[in-house]
There are 2 protein chains.
Amino acid sequence: MRPPADLETPLLLLDEARMQHNIDRMQSRMDALGVRFRPHAKTSKCAEVVRRQIAAGARGITVSTLKEAERFFAAGIDDILYAVAIAPAKFAHALRLARAGLRLTLLVESVAAAEQLSAFGMAEGHGFDVLIEVDTDGHRSGIAPQDPRLLAVAAALRTDAAGHGARLAGVLTHAGSSYDLRTPEALEAMAEQERAGCVTAAEALRAAGHVCAVVSVGSTPTALSARHLEGVTEVRAGVYVFFDLVMAGTGVCRPDEIALSVLCTVIGHRAENGWVITDAGWMAMSRDRGTQKQAHDYGYGLVCDADGRPLPGLAFDAANQEHGVLQWAGGDEDDGRALAERFPLGAQLRIVPNHACATGAQHPAYHLLPAAGGAGDELPRWERFSGW
Amino acid sequence: MRPPADLETPLLLLDEARMQHNIDRMQSRMDALGVRFRPHAKTSKCAEVVRRQIAAGARGITVSTLKEAERFFAAGIDDILYAVAIAPAKFAHALRLARAGLRLTLLVESVAAAEQLSAFGMAEGHGFDVLIEVDTDGHRSGIAPQDPRLLAVAAALRTDAAGHGARLAGVLTHAGSSYDLRTPEALEAMAEQERAGCVTAAEALRAAGHVCAVVSVGSTPTALSARHLEGVTEVRAGVYVFFDLVMAGTGVCRPDEIALSVLCTVIGHRAENGWVITDAGWMAMSRDRGTQKQAHDYGYGLVCDADGRPLPGLAFDAANQEHGVLQWAGGDEDDGRALAERFPLGAQLRIVPNHACATGAQHPAYHLLPAAGGAGDELPRWERFSGW
């Protein structure tokens with residue numbers, strides 16, 4: 001599992017076997033819970049990754065931008081949920097995608113959005129499928145399950161006699177505050193809060209006479225912690241496909257299940273400070289410091305050797321744009337060798353990221369790690385896209 | 001200076017007039033100080049921006065990756081300094097660029113790198129021009145001016161009878177710790193420390209019989225604070241071209257001189273929390289929180305209206321991947337109007353970034369703001385590149 005020694009770095013490594021393990025783990029859990037699984041493709045932004053999620057049993061995907069919808073539709077995915085409340089300036093883009101044949105579901109969280117999308121659909125002669133965003137943990141947008149605005153938004157979704165406009169397809173929630181939890185008990189409770197809140201919203205809509213077919217919940221920690229999902233029709237999760245140190249900090253994965261790392265090279269030393277300088281700075285890692293508030297703060301990432309074995313003696317505490325500054329703490333492993341001998345100029349290191357979505361976004365492609373047994377001259381490359 | 005209302009956001013806005021003002025300010029300062037100016041193109045990664053820096057009087061550019069060297073050489077820039085200590089796996093790439101006609105200067109900071117590059121140049125029949133990295137503020141890599149390793153590295157740079165190998169061209173330093181300073185006096189002192197340290201290193205090399213033609217210093221804050229640059233031959237600076245909130249925090253620019261902002265759109269509200277939700281999250285802003293340690297912590301950026309006027313009542317305190325959460329503090333400006341009336345669904349806002357290099361890197365292009373007087377239907381677009 002060691003990459004070739006002559007690679008120009010930094011570059012993003014993907015351990016395909018670990019990724020497949022993560023995909024299979026989530027899909028079998030969803031199958032056992034009896035729900036449809038719609039992975040969030042914002043993590044990978046890569047058609048090759050999504051194809052493997054679909055092959056494992058996912059039905060449709062979730063996206064966070066219309067560019068993701070466009071790219072994945074072009075790659076053959078025809079059922080996509082755009083899970084960010086839509087702004088009016090994006091209606092025309094959504095319409096183009098729907099007219100091209102994409103089964104696109106949109107999200108609203110206000111009467112204003114429901115009214116404007118309904119009017120746009122009627123004027124353009126198209127019927128949009130729409131979910132209402134429900135807030136179950138107070139961390140972002142959405143309407144609380146008991147808030148009377150929920151019924152007002154549903155009432156503002158209207159279609160004309162021809163079915164053009166915007167029609168209620170269901171409700172959606174995302175318990176993003178699960179990322180801040182640390183124990184199986186707390187995660188299980190949050191999963192139940194997410195489920196119960198979303199089902200309550202669906203029932204309130206149904207009691208008012210609305211059809212509410214879709215009840216969509218999810219985040220990686222809650223999806224992996226829910227005991228049952230009664231009343232839920234589909235689950236969404238994104239970062240599980242690679243996992244990362246923040247997820248390991250919540251306890252839903254082990255560090256050795258993380259499929260992504262950044263390969264970098266030693267470019268210098270400052271012996272008097274115990275520093276090893278590499279060519280992976282914040283541009284290669286992102287500025288994400290998501291483990292800062294967790295029990296173990298990994299700085300800019302977990303430093304490993306070229307084979308992926310953690311080097312706990314090296315802390316990644318500081319970064320410039322194209323420089324990583326690793327601080328040697330040594331400890332038990334310090335056998336007295338000089339830093340420059342232990343990690344010589346040109347030596348490769350691998351950095352496991354805090355946040356897979358953020359680190360991935362800094363790179364144009366994934367480079368696939370060879371299976372155990374040896375590396376070829378060049379690693380297979382899967383392109384990823386970025387931007388809006 | 002208001003962008004068209006129907007733009008799909010988020011997108012990166014560039015105020016060309018402000019940029020030109022910043023370019024002219026730095027160039028006239030460098031001209032007055034009597035030094036060559038070699039701007040750092042890692043900030044813009046855009047040929048159109050660099051062309052304007054060259055047109056104003058810059059001679060050559062600085063880059064932080066060989067991809068930048070490659071792209072800017074393809075765009076017609078033929079004198080480039082790669083200002084990160086080079087790793088052996090990058091020698092072949094550097095050689096390809098030099099053989100294609102690029103005047104490429106490399107950087108080393110160790111005997112090992114000097115020896116390996118010399119051997120590579122001799123084996124390949126090419127003579128590399130090399131600077132030695134000098135450390136003048138202890139913040140990253142480089143060799144202290146009085147450290148005997150300086151002479152050892154110079155001695156390890158060797159050429160054969162044909163001039164192939166690696167030859168000393170000079171010394172380089174970057175006082176990056178200037179970003180942490182706050183007063184003109186401290187910045188002026190740091191500029192002098194940077195200058196004096198680099199000149200001392202050059203003199204030590206010359207005293208040992210080496211030719212040391214180039215004495216290259218710089219960072220945006222020190223370049224704008226130096227009283228004199230005796231003994232210095234060239235200055236490098238990058239972020240000055242756009243400026244950002246971190247630079248404003250050091251005092252070297254005003255917030256209204258910052259040329260970059262991210263245009264975003266209101267997609268929701270949470271009235272009970274005083275939140276306005278936008279479609280610019282950390283993916284559009286980057287995770288850079290560079291003002292956190294400054295006198296004014298701007299969160300993820302300074303919120304402005306669509307015309308670029310600051311809205312101090314709105315703080316950008318939290319971000320998800322594609323959601324920005326703005327907190328309304330109101331205060332004197334709070335005339336009792338509801339948030340959703342003041343910042344309705346679909347309203348545009350502009351966010352001035354903490355760190356221009358980091359925010360720019362999240363975007364595929366700059367969209368040029370129309371000059372005062374009105375906007376056309378579409379903003380001119382300058383592409384920027386990313387990756388390695």
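We name chains A, B, ... by the order of the sequence lines, and we start the count at 1 in each one.
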Which portion of B:His269 sits near chain A, non-hydrogen atoms under 4.5 angstrom: backbone
Taking every non-hydrogen pair under 4.5 Å, which of A:Val266, A:Thr65, A:Leu345 racks up the most with chain B? A:Leu345
side-chain contact (heavy atoms from CB on, under 4.5 Å) between A:Arg289 and B:Arg287, worked out: CA-CA 8 Å; A:Arg289 290 281 288 98; B:Arg287 276 285 197 195; over 6 Å; no
Among B:Glu133, B:Glu8, B:Arg140, which has the most heavy-atom pairs under 4.5 Å with chain A? B:Arg140
Taking all non-hydrogen atoms of both residues, which atom of A:Trp282 and which atom of B:His355 are closest, and how far apart? CZ2-CE1, 3.5 Å
At a heavy-atom separation under 4.5 Å, does B:Ile267 approach chain A through its side chain, its backbone, both, or neither? both
Per-residue contact mode, B:Glu109 against chain A (heavy atom under 4.5 angstrom): side chain
Under 4.5 Å to a heavy atom of chain A? For B:Glu272 that would be neither
Output the option from A:Gly176, A:Ala358, A:Gly142 having the highest count of non-hydrogen pairs under 4.5 Å with chain B. A:Ala358
Apply side-chain contact (heavy atoms from CB on, under 4.5 Å) to A:Trp388 and B:His363, showing your working. CA-CA 8 Å; A:Trp388 293 268; B:His363 293 265; 3.5 Å; yes
Do you know the tightest heavy-atom contact between A:Pro364 and B:Gly387? CD-CA, 4.2 Å
On a heavy-atom basis, which atom in A:Cys357 and which in B:Met283 lie closest, and how many Å separate them? O-CE, 4.3 Å
Quick check on the interface: out of A:Thr265, A:Ile86, A:Asp279, A:Val84, who has the most heavy-atom pairs with chain B under 4.5 Å? A:Val84
Decide yes or no on side-chain contact (heavy atoms from CB on, under 4.5 Å) for A:Asn320 and B:His139, but give the supporting numbers first. CA-CA 10 Å; A:Asn320 290 173; B:His139 89 290; 3.6 Å; yes
Per-residue tally against chain B (heavy atom, under 4.5 Å) across A:Gly268, A:Ala340, A:Ser386, A:Gly138 peaks at A:Gly138
B:Ser286, part contacting chain A, at a heavy-atom distance under 4.5 Å: neither
Looking only at heavy atoms and a cut-off of under 4.5 Å, which of A:Lys90, A:His323, A:Gln348 has the most pairs with chain B? A:His323
Contact part of A:Ala284 toward chain B, heavy-atom cut-off under 4.5 Å: side chain, backbone, both or neither? both
Could you look at A:Glu322 and say if it's the side chain, the backbone, both or neither that has a heavy atom under 4.5 Å from chain B? both
Measure distances from B:Arg270 to the heavy atoms of chain A and classify the residue's part below 4.5 Å as side chain, backbone, both or neither. side chain
To check you understand the geometry: which heavy-atom pair defines the closest contact between B:Gly346 and A:Pro88, and what is its length? CA-CD, 4.0 Å
Check against side-chain contact (heavy atoms from CB on, under 4.5 Å), B:Gln321 and A:Lys42: CA-CA 9 Å; B:Gln321 185 160 335; A:Lys42 77 183 177 74; 2.8 Å; yes
Counting only heavy atoms closer than 4.5 Å, note whether B:Pro10 contacts chain A via side chain, backbone, both or neither. both
Region of B:Leu66 in contact with chain A, defined by heavy-atom distances below 4.5 Å: side chain
Looking only at heavy atoms and a cut-off of under 4.5 Å, which of A:Gly290, A:Ala85, A:Ala92 has the most pairs with chain B? A:Ala85
Heavy-atom cut-off 4.5 Å, strictly under: side chain, backbone, both or neither for A:Gln116 against chain B? side chain
